[in-house]
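What follows is a short report on a single structure.
Atoms within a ligand are numbered from 1 in the order they appear, just like the ligands themselves. For the single chain, residues carry numbers from 1 onward in sequence order.
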Amino acid sequence: MEELMIAIKNINKSYKDNILYKNFNISFAKNKVNCILGKSGCGKSTLLNIISGLVKNDTNSLKTIEQREISYIFQEDRLIEWLNVEENIKIVGKKFYDKEELEDICNYYLDMVGIKKFKTYYPQKLSGGIRQRINIIRAFIYPSKIVIMDEPFKSIDVKNKKIIMENLKNILIKDKRTVLFVTHDIEEALFLADKIFILGDSPVKIKETIENNINLSKEEIYKMI
Ligand SMILES: Nc1ncnc2c1ncn2[C@@H]1O[C@H](COP(=O)(O)OP(=O)(O)OP(=O)(O)O)[C@@H](O)[C@H]1O
């Protein structure tokens, strides 16, 4: 039977006297959206960075996730300014699909997030919301097993954020990935997550693990943080 969890064991990280993680373990649900909530500075980004190998664990015992299995959606997009929208997307997928497949899959995602009409535009002509939607397509056209999202909606206005979160939710219904999602925004967590981890204390502990199908309110979660 296929394993339903990704178990991460033995995270250790200190910055001088600040012992952030000490023998920390966490198990993420496979093909679900796993959201990490916690106070500012508690260590959310560091956790994702250690898991993905971007930041080194202090001990050698951690098995990190291989880079080729991961795609990223960060707060700031990584679009290439001298390529148009379509080219920005295709450059990520060209190693994995033939020409026709790539055309189809590119159109599929552009349709899915409602920006097909911008296909030939260059990034500098586009708003932050549209740029972030291209960023999302780039993360999904790459055939990763894991999508890491670190505060992806932080610089997006409220209205666009809602649209983009809906786009993302629709993509994830059809294109299952294990998502590791860091945010400080409870509403984002409630809208997107299947599972919510609340981190606290230093060294970090998991204060609560919540299956997001039990109708907790924003206020109830706020009290747990
Ligand atoms: N390279 C570093 N050198 C020293 N301290 C660091 C370094 N990176 C992170 N820290 C410290 O580790 C702690 C956790 O940082 P991290 O960015 O992981 O927290 P976070 O929960 O993601 O914060 P936020 O919600 O504000 O983004 C903070 O106290 C931070 O100052």
### Query
If Ile, Leu, Val, Met, Phe, Trp and Tyr residues are connected whenever their side-chain heavy atoms lie under 4.5 Å apart, and connections chain through other members, are Ile115 and Leu83 in the same group?
yes
### Query
Backbone or side chain, does any N or O of Gly41 fall under 3.5 Å from an N or O of ligand 1?
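By distance alone, the answer is yes.
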### Query
Polar-atom distance check: Glu151 versus ligand 1, any N or O pair below 3.5 Å?
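Not met; the criterion fails.
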### Query
Atoms of ligand 1 less than 4.0 Å from Leu20 heavy atoms?
12 (O), 13 (C), 14 (C)
### Task
Show which atoms of ligand 1 fall inside a sub-4.0 Å distance from at least one heavy-atom site of Thr46.
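Heavy-atom distances to Thr46 below 4.0 Å select 14 (C), 15 (O), 16 (P), 18 (O).
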Atom [atom1] of residue position [X] - does it have more than 12 heavy atoms of other residues, nucleotides or ligands inside 6.0 Å?
| X | atom1 | answer |
| --- | --- | --- |
| Asp98 | CG | yes |
| Lys207 | NZ | yes |
| Lys162 | NZ | no |
| Lys205 | NZ | yes |

### Query
Considering only the protein, which heavy-atom contact is closest to atom 9 (C) of ligand 1, and what is its distance?
Tyr15 CE1, 3.6 Å
#### Entry: Residues which pass side chain to side chain contact (heavy atoms under 4.5 Å, CB included) with Tyr121, listed by chain and number, not counting sequence neighbours
Val85, Phe118, Lys125, Leu126
### Query
Quick one: does Gly43 get within less than 4.0 Å of ligand 1, heavy atoms only?
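Contact check Gly43 vs ligand 1: positive.
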### Task
Say whether Lys39 and ligand 1 are in contact under the criterion: heavy-atom distance to a ligand atom below 4.0 Å.
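Lys39 counts as a contact of ligand 1 under the 4.0 Å cut-off.
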### Summary
Among Gln75, Lys44, Lys154, Lys13, closest by heavy atom to atom 25 (O) of ligand 1 is Lys44
### Message
Under 6.0 Å from the ring centre and within 45 degrees of the ring axis: does the NZ or CZ of Lys169 meet both conditions for the six-membered ring of Phe191?
### Response
yes
### Message
Quiz question for you: does at least one protein heavy atom lie closer than 4.0 Å to atom 30 (C) of ligand 1?
### Response
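It does not; no protein heavy atom is within 4.0 Å.
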